[in-house]
Each structure stands twice: as structure tokens, then as C-alpha cells.
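One structure is given here, and the rest of the page talks about it.
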Number of protein chains: 2
Amino acid sequence: MNSEKKIETAASAGKRKKPITAQDLMNAAVKLLDSHRSVSSLSLREIARAAGIAPNSFYRHFRDVDDLAVALIDQAGRSLRGVIREARQRLSLERSAIRTSVEAFMEQLDAEQKTLHILLREMSIGSPAFRQAVDRELRFFEDELCEELTRMAKVTGHATYEPALASKAITRLVFTMGAAAADLPPEERGQIIDETVVMIKMIMEGAQSLAKRAAEK
Amino acid sequence: MNSEKKIETAASAGKRKKPITAQDLMNAAVKLLDSHRSVSSLSLREIARAAGIAPNSFYRHFRDVDDLAVALIDQAGRSLRGVIREARQRLSLERSAIRTSVEAFMEQLDAEQKTLHILLREMSIGSPAFRQAVDRELRFFEDELCEELTRMAKVTGHATYEPALASKAITRLVFTMGAAAADLPPEERGQIIDETVVMIKMIMEGAQSLAKRAAEK
DNA sequence: TTTTGCACTATACACTTGTATATACACACG
DNA sequence: CGTGTGTATATACAAGTGTATAGTGCAAAA
């Protein structure tokens with residue numbers, strides 16, 4: 001059977017108005033990544049098949065599978081930033097800022113599009129462009145956090161030792177713990193959240209304590 | 001061209017005494033992973049080709065590519081544990097225990113077999129067996145560290161707040177920072193090491209400070 | 001010696017992959 | 001009415017994939 005088979009049938013059997021969006025392709029790709037496949041193991045044909053289009057139509061929307069992957073990361077980052085910013089606004093006084101943010105982060109894990117899931121899993125793998133996209137999101141997170149830390153310092157009087165470093169530590173920790181939580185059934189995530197919160201408090205406490213010590217000298 | 005090509009030539013051109021070891025295959029796989037490919041994108045044939053054997057001979061040594069990947073992780077963990085344990089023994093008094101360990105960890109990044117590299121990159125991806133193997137190694141690390149922390153508490157009198165959690169935080173942080181360092185030219189790793197050391201100190205300082213606060217109440 | 005077992009190879013098959021080429025259909029503008 | 005232009009399609013090809021089947025050659029056991 002050297003020539004093509006006839007059937008590369010659409011997954012979505014419905015009669016669709018023709019035009020397919022880039023987002024449709026991204027959704028199809030995300031569905032394929034459900035279990036534990038890496039983006040780099042997805043084939044262009046597979047994605048096209050899942051989206052119900054001909055293989056070649058893929059090129060109308062993305063240059064590459066890599067290109068699509070980068071788009072996925074951007075999307076993950078954008079919506080994550082939104083969620084965190086929102087969490088920070090409803091920073092009511094009855095709950096700790098830390099806990100609120102961590103919870104928002106973890107909730108985002110099974111948001112409609114599970115792109116955060118993907119970002120966390122594939123952080124350190126994939127094309128240069130891919131990792132660059134991930135790094136961008138990490139830095140976003142760090143910067144916002146760092147700002148917050150220094151602002152907080154002025155209000156409470158508790159200075160932070162090296163706010164940029166503390167932010168980096170917290171960010172990496174949250175992302176790593178998020179990756180661990182991602183593979184867990186949601187009912188076991190509570191523990192991870194608690195652990196993460198305590199870890200963050202350790203870092204902040206430590207950074208403040210080191211700041212005091214440095215000031216005393 | 002429907003039938004096979006004739007040449008699937010050995011990569012290692014030398015005239016070898018026939019028997020190839022599982023380790024040879026693992027080495028070949030590692031070489032292929034040099035740049036930034038994920039294990040899941042390696043094909044059995046590719047590995048066999050790189051090792052200079054026929055595709056089918058692969059099965060004499062591993063069931064799967066996945067199977068080989070798990071073996072790689074085990075090897076990475078084994079040698080990492082060795083290195084860290086060794087570092088702890090030459091824990092001379094002139095250098096901090098933290099810095100010595102972190103340096104040992106980072107040095108292991110470009111050890112002969114760069115398997116640690118792979119472990120760090122693919123931590124949260126791959127087959128269940130694969131991630132289980134990674135988790136095993138993480139826990140090893142955590143446990144040894146936790147023991148050390150409580151032992152230290154008795155000597156110095158500085159108790160640690162939740163030693164298990166602090167160990168987990170430190171472990172995850174070191175691994176994440178290691179993953180970041182892995183993609184860097186060795187001359188830029190110094191900074192990462194410094195950062196990591198400070199981060200760890202923050203955590204330990206914080207955990208001790210929290211312990212004191214808890215005791216005072 | 002013959003036999004048996006093992007490590008490896010060669011060939012083949014059915015299948016998937018990325019992409020080149022050509023083509024069909026819809027809609028906007030002259 | 002064309003006539004593009006953009007978006008989808010089908011067909012095809014060369015290459016790569018996992019693996020089934022059938023050897024080949026060589027060392028130890030009989």
C-alpha cells in the first residue's frame with residue numbers, strides 16, 4: 001500500500017462551516033497532549049487529523065509544530081498572568097496574600113485550556129523559541145512578585161534581603177510544585193498547596209531575617 | 001523505493017568484537033540527546049544506528065525506548081547520589097556545606113555521562129515508569145537532606161521548623177536551578193551556583209526563624 | 001564430532017511522516 | 001461578467017518507523 005489511504009476523516013464529524021482558526025488547531029493539539037506526551041512527539045498530521053483538516057492546511061496557520069507550541073505557551077502565560085492579577089485584586093484581608101495567589105495558580109491547572117499544565121511539563125525541553133517563551137513567562141512572574149515584595153517592605157517595615165533572588169526562588173518553587181500537582185487528582189492538591197505556602201513563608205521569613213542581620217552589622 | 005535500503009551503517013566505524021552491551025546503547029542514546037531533544041522523540045532505529053547494530057538487536061537489551069530511558073534515569077540517580085555523598089565527606093571546614101554540595105551537584109551536570117542533564121530536563125514528562133524513577137531519586141535526595149538538617153539541629157541548637165518540608169523545598173530548588181544551569185555555558189554557571197546557595201540559605205534561615213517563633217509561643 | 005543456544009544481521013511489510021504539486025470552491029473588486 | 005485571492009482539498013512521493021520472520025556465525029555443551 002504505497003499510495004495514500006482515502007480516509008483521513010475529521011474527528012469532529014459535524015458539518016462545519018469551513019474556516020478553521022489557529023485556536024482550533026491549538027485546542028486539538030492540547031487534547032492530544034492530555035496524557036503524558038511531549039509536544040515534540042506530536043506530528044503535524046496527527047494534529048491536523050484531530051482538528052479535522054487536511055495535513056497541508058496546517059501550514060496556513062503555523063509554520064511548524066514548534067510554532068504552534070510557542071503559541072500555546074504564550075496563551076498559557078497570558079491567562080496565568082490574568083488569573084494571578086485578578087487574585088491579587090481580590091486580595092481580601094481575611095486570607096493571606098500568599099495562599100490566595102498559590103491557590104489561584106493551582107486552580108489554573110485545570111482551567112478550560114490546560115495549557116499551564118503543558119508549560120509546566122515542558123519548561124526545559126523543546127526548541128529554543130519554546131524555552132524562550134517559557135522564560136519570558138517566568139520572568140513576568142518574578143518581576144511582579146519582586147515589585148510586590150519591595151512595596152510590602154515599605155508598608156510593613158520588613159525589608160527583604162535580596163528581593164530579586166527571593167522572587168526567583170519563590171517563582172521556581174511555585175512552578176515546580178505546580179508541575180507536581182498537575183499530575184495529581186485534584187483532591188490531593190490541597191496538600192501541595194499547603195506545602196507550597198509554607199515553603200514560601202520560609203523563604204520570605206528567611207529573606208527578612210537575613211536583611212535584618214545585614215542591617216545590624 | 002518500497003524495500004529497505006542496504007546501508008544502516010555503524011556509527012562507530014571500528015572493527016568491534018561483536019557483543020554490544022546495554023550500556024553501549026545507553027551511551028548512544030545519550031549522544032543523540034545532546035542538544036535539546038526529548039527522549040520521547042528518539043526512535044529505536046535511530047539509537048540502534050548510532051550504536052552500530054541492527055534495529056532488531058535493540059530488543060536483546062531493552063523492551064522499549066522507554067525501558068532504556070528508565071535505565072538512564074537510574075544511572076543518573078546512582079551517580080548523582082555518589083557524588084553528593086562524596087562531597088559531604090570531604091566537607092572540610094573551610095567551605096560551607098551548602099556551597100560544597102551545590103557545587104558538586106552542578107559539576108555533575110557535565111560529567112562523562114550527561115545523564116543528570118537528561119533527568120533534569122525530562123523530570124515531568126515521559127512514561128509513568130520514567131517519572132516514577134525520577135521521583136525515586138528526588139526522594140532519596142530529600143531524605144538524606146532531611147536527616148542532615150535534624151542532625152545539624154542537635155549540634156548547633158538551631159532547630160528547623162519543618163525539616164521535611166524545608167528539605168523538599170531545597171531539593172526542588174536545586175533541581176530546578178540545575179535545569180536552568182544545564183543549558184548554560186559553564187562559565188555562566190557560577191552565578192547560578194551563587195544564587196542557589198543564597199536561596200538555600202534563605203530557606204534554612206527562614207525555617208530556623210519559624211521554629212524559634214513557634215517555640216516562643 | 002555434532003548439537004544447541006545466543007547474539008547479531010538481512011529482508012520485508014505495513015504504516016506514518018513532512019511536504020511538493022495541483023486543484024477546487026468561495027468571495028471581493030474591477 | 002471575469003478575475004484574482006485566500007483557504008481548503010486530494011494525490012503523490014521519498015523517507016523513516018516498529019517489528020515479524022528467517023537466517024548466519026560462533027562458542028560452549030553433548
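Keep in mind that what you see is a predicted model, and the values were worked out from it rather than measured. We name chains A, B, ... by the order of the sequence lines, and we start the count at 1 in each one. Atom set for the values below is all heavy atoms of this structure, side chains included, hydrogens, waters and symmetry mates excluded.
- Atom CZ in A:R45 sits roughly 16 Å away from atom P in D:dG16 (whole-Å rounding).
- Atoms CD1 (B:I47) and P (D:dT17) sit 10 Å apart, rounded to a whole Å.
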Just distance, no hydrogens or angles: give the donor-acceptor pairs under 3.5 Å from side chains in residues 178-188 of chain B, sequence neighbours left out.
| from | atom 1 | to | atom 2 | distance (Å) |
| --- | --- | --- | --- | --- |
| B:D183 | OD1 | B:H36 | NE2 | 3.2 |
| B:D183 | OD2 | A:R131 | NH1 | 3.3 |

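- The side chain of A:N56 approaches C:dA20 more closely than any other nucleotide in the set C:dG18, C:dA20, D:dT17.
- Seen from the ring of B:F140, B:R81 counts as a face-on cation partner, given the 6.0 Å and 45° thresholds.
- Atom CD of B:E46 is separated from atom C1' of C:dT17 by 14 Å (rounded to the nearest Å).
- Rounded to an integer number of Å, the gap from CZ of A:F58 to P of C:dT17 is 13 Å.
- A salt bridge does not link B:E162 with A:K201: none of the charged nitrogens is closer than 4.0 Å to a carboxylate oxygen.
- Protein atom CZ of B:F62 is 17 Å distant from nucleotide atom C1' of D:dG18, rounded to whole Å.
- In the set C:dC8, C:dA10, D:dG18, D:dG18 carries the atom at the smallest distance from any side-chain atom of B:L44.
- At D:dA8, one or more side-chain N or O atoms of A:H61 fall inside 4.0 Å of OP1 or OP2 (strictly under the cut-off).
- Judged as a side-chain hydrogen bond (donor to acceptor under 3.5 Å, both in side chains), and not counting sequence neighbours, the contacts of A:E103 are A:R95, A:R99.
- If you take CG of A:L68 and P of C:dG18, they are 13 Å apart, rounded to a whole angstrom.
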Verdict with supporting geometry, B:I84 and B:L80, side-chain contact (heavy atoms from CB on, under 4.5 Å)
CA-CA 6 Å; B:I84 293 295; B:L80 176 62; 4.1 Å; yes

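- In this structure, A:Y59 atom OH and C:dT17 atom P are separated by 12 Å, rounded to whole Å.
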What nitrogen or oxygen pairs link the protein and nucleotides 26-28 of chain D at under 3.5 Å?
none

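- Put simply, B:R49 has a side-chain N or O that comes within less than 4.0 Å of OP1 or OP2 on D:dT17.
- Contact annotation: B:S57 side-chain N/O to C:dT9 OP1/OP2 distance is under 4.0 Å.
- Contact check on A:D110 versus A:R189 returns a salt bridge, with a Lys/Arg side-chain nitrogen under 4.0 Å from an Asp/Glu carboxylate oxygen.
- Evaluation of atom-type donor-acceptor distances gives no pair under 3.5 Å for the side chain of B:R60 against the base of C:dT9.
- Between B:E148 and B:R151 there is a salt bridge, since a side-chain N of the basic residue sits under 4.0 Å from a carboxylate O of the acidic one.
- Counting any heavy atom pair closer than 4.0 Å across all strands shown, A:S43 reaches sugar-phosphate atoms only and no base atom.
- Note: CG (B:L32) to P (D:dT17) measures 11 Å, nearest angstrom.
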